[in-house]
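Only heavy atoms go into these numbers, but all of them, side chains included; no hydrogens, no water, no symmetry mates. So you know, we letter chains A, B, ... as the sequences are listed, proteins then strands, and number each from 1. No experiment lies behind these values; they were computed from the predicted model shown.
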2 protein chains.
Amino acid sequence: MTKRRVSLKDIASQLGVSVSTVSRALKDHPDLSPAIIEKVKQLAAKWNYTPNPLAMGLLKQQTNTIGVVVPDIVTHFYSSIISGIEDIAKANGYYIVISSSQESYKKEKENLNNLLNLRVDGLIVCLAQETTDYTHYDSIIEAEIPLVFFDRVCRTEEVSSVVIDNVEAAKELTIHLYKHGARRIAHIAGPSFLNITKERIEGYRKGLQLCGLTFDQNLLVHTNMSIEGAAVATNKLLSLKYPPDAIFGVNDTVIFSAMKEIKRKGLKIPDDVALVGFTDEFHATVVEPNLTAITHPTFEIGQEAARLLLNEIKSDKARTVQQISMQAKLIERESSVKLK
Amino acid sequence: MTKRRVSLKDIASQLGVSVSTVSRALKDHPDLSPAIIEKVKQLAAKWNYTPNPLAMGLLKQQTNTIGVVVPDIVTHFYSSIISGIEDIAKANGYYIVISSSQESYKKEKENLNNLLNLRVDGLIVCLAQETTDYTHYDSIIEAEIPLVFFDRVCRTEEVSSVVIDNVEAAKELTIHLYKHGARRIAHIAGPSFLNITKERIEGYRKGLQLCGLTFDQNLLVHTNMSIEGAAVATNKLLSLKYPPDAIFGVNDTVIFSAMKEIKRKGLKIPDDVALVGFTDEFHATVVEPNLTAITHPTFEIGQEAARLLLNEIKSDKARTVQQISMQAKLIERESSVKLK
DNA sequence: CTGAAAGCGCTAACAT
DNA sequence: ATGTTAGCGCTTTCAG
């Protein structure tokens, strides 16, 4: 129910000139009389003319739009990354269209198709938790549609991605716990096929080894990273014959859920059970005790992903695959420092 | 750098028929031979044909896109509302393009213009904190571009909106505090021109009155709702000659900041100072003590706003203004129940 | 039953 | 210095 906006045609007919003259005037074409340029510009300004992006898109075969697919937009981790993407996109005259997979493989596929049908100029994606089959990226790669993964990635040989060094970070966390007196360090992990799960487990095991601790299968629990799943995992750990004196959670959700369960059992953090994990600045300081954690530079991850994508969009060479590893920092707070 | 996608023309030339025939075949035009329909459909499927939305948009003068402007997307309150909008939009075949004003009047205006230039079919907006002048909505209203406000609203006579009953909710909170023993109830409010600020203050004063408490100007502090602003406000309140025994915060940010300050001063919540406010389910239970709070039905607010907008977009009548008031619930948790 | 033509808004090569 | 034409992908009269 919207009124039509002014077009070049409207301006042309009002001024009694041709559409191309108006088009040229607006871009200061060198061999146009200054008089007409001035007249056109004035009327365009008066009438609030802006080029119709649909017409431009059709002509130029590009939409200046980038599609973003994330597991959800409600989690601070993702919304902050989206913020970073938006920042760079906007600065470069691009719009972003966001859609969330709700961790579902089916929805991830649907969203991707929707975005492709919309003719986005490129895609930035974080894999859904359920996604174990990556063949839906075949056609995207084949069609040479610019694509960048972040955090949860796949096909890193063919597709650029932005990640953090999960192995190193997890190792650091584990060693940190050891230094603060923990000897039975448990890990609540994610689904086994996700790269972040695998890498963090690897770092966890490396850390244990470096500390001279032996890996105990009972202390490693996989979850679907939901509140409920993490609660079950925590309780399983706490009711072991030899329960852990420290838990390292794979992400925010797991940690908050674990924290609630530990408190509910009347155990003290960090004295009975130390707790650390991966989360963001904000949440780490809002909970009590404040959480020792690896902080993701989320906003910057988003910015970097957007930069990579924009480069790919603008370049006319074939894909140049890059893996960017962002710096993650361990920040020591209260949840890991045992009073002893 | 993307390859061109298949068009009707491609299919037509491959099949040796005209473009219009293909177009018709795809929509099962009644007087077309079933044979050709079948052939076209098969090839279209094989080649993954989907109509080009730019071409359609140009033709139909609509983009199936709705623009969303929020103060930020990182706050759970907004991201959850966006989720609700996305839900309804997607179900109706609409895309959403999100942009954040970062509470800036200037950016709000810019975003609105960008979105309008993109030719979105409608707009869903939450005002920036800085926005006190509403004339940039004049042209939008005049151009009959579908528009819906939520939470922070203006021009409610001319524009539909989705809100909660802030007066009632604030009144309830105040009475709740009184019932649990508070007698000096302070309120950390937002900028004075925002409707949510005004309404919550009104409810606060009504609540005080109903409890037989007199309004004390010292106990009402305005902030810009930032972490820092709220910290200053909290400290100002706590260092009063007669400090409050309860604080009611206007939103999440204010509450978390207040909570940190109160704890930092070594005061106990709720015994020394009770704390309540407006927040969401998730955060209320993650902090300690768990927060007694008015919970916004954020997802539903988003859904409702999207429904209103879609109705406006689809209707060809002039604007029908509606004010939808969503149900907000007071959930009693630990932060307000004094042991005495 | 199917094709040709016009037009949505715009640009760029091609006239004049 | 400016106008004409064609074409980006699609639908919809209008012809036949």
| field | Residue-level proximity of residues 49-67 of chain A to DNA chain D when a heavy atom falls under 4.0 Å | value |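 Close to the strand are A:Leu58, A:Leu59, A:Gln61.
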
Ion pair check, [X] and [Y], cut-off under 4.0 Å:
X        : Y        : answer
A:Arg307 : A:Glu300 : no
A:Lys107 : A:Glu110 : no
B:Arg155 : B:Glu158 : yes
B:Asp10  : B:Arg5   : no

Looking across every strand, which nucleic acid part, if any, lies under 4.0 Å from [X] by heavy atom: base, sugar-phosphate, or nothing?
X       : result
A:Ser18 : base
A:Ser20 : base
A:Arg4  : sugar-phosphate

| query | Counting heavy atoms not belonging to A:Lys106, are there more than 12 under 6.0 Å from its NZ? | reply |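 Atom NZ in A:Lys106 is not packed in, count stays at 12 or less.
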
Identify, with sequence neighbours excluded, every residue that meets side-chain hydrogen bond (donor to acceptor under 3.5 Å, both in side chains) alongside [X].
X        : value
A:Ser33  : none
A:Ser18  : A:Ser20, A:Thr21
B:Gln102 : B:Ser100

| message | Distance under 4.0 Å to a non-hydrogen atom of chain B counts as contact; along DNA chain D, which nucleotides mark the start and end? | response |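 In short, chain B contacts DNA chain D from D:dC8 to D:dC14.
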
| message | Please check: side-chain N/O of B:Asn92 versus main-chain N/O of B:Ala89, any donor-acceptor pairing under 3.5 Å? | response |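 No, the answer is negative, given that no donor and acceptor are paired below the 3.5 Å cut-off.
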
| message | Does anything in residues 54-64 of chain A form a side-chain hydrogen bond (donor to acceptor under 3.5 Å, both in side chains)? List the pairs, not counting sequence neighbours. | response |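 Listed by first then second residue: A:Thr63-A:Asp121.
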
Residues 123-132 of chain B, side-chain donor-acceptor partners within the protein, below 3.5 Å, at least two apart:
| residue | atom | partner | partner atom | Å |
| --- | --- | --- | --- | --- |
| B:Gln129 | NE2 | B:Asn224 | O | 2.8 |
| B:Glu130 | OE1 | B:Tyr105 | N | 3.1 |
| B:Thr131 | OG1 | B:Glu108 | OE1 | 2.8 |

| field | chain B contact limits on DNA chain C, taken 5' to 3' with a cut-off of 4.0 angstrom to heavy atoms | value |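 Result: C:dC1 to C:dG9.
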
| field | Earlier contact from the 5' end, DNA chain C, for B:Val19 and A:Ser7 | value |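 Looking at DNA chain C, the more 5' nearest nucleotide goes with B:Val19.
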
| query | How long is the span from the NZ atom in A:Lys9 to the OG atom in A:Ser23, to the nearest 0.5 Å? | reply |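 So the gap between those two atoms works out to 15.0 Å.
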
| Side-chain donor-acceptor contact under 3.5 Å, A:Ser160 with A:Gln322 |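 On atom types as modelled, these side chains do not qualify, holding no pair under 3.5 Å.
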
| query | Considering residues at least two apart in sequence or located in another chain, which fulfil the ring pair (Phe, Tyr, Trp, His ring centres under 6.0 Å) criterion with A:Tyr78? | reply |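 So A:Tyr78 forms no ring pair (Phe, Tyr, Trp, His ring centres under 6.0 Å) with any residue.
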
| query | By ring pair (Phe, Tyr, Trp, His ring centres under 6.0 Å), which residues pair with B:Tyr137, not counting sequence neighbours? | reply |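 Counting only residues at least two positions away or on another chain, B:Tyr137 forms a ring pair (Phe, Tyr, Trp, His ring centres under 6.0 Å) with B:Phe149.
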
| said: With the threshold set at under 4.0 Å for non-hydrogen atoms, list the residues of residues 8-17 of chain A touching DNA chain C in residue-number order. | reply: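 By residue number: A:Leu8, A:Lys9.
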
| Using the C1' atoms of five pairs at each end, what's the angle between the two axes of the helix from C:dC1-D:dG16 to C:dT16-D:dA1, to 10 degrees? |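 Between the first-five-pair axis and the last-five-pair axis there is 60°.
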
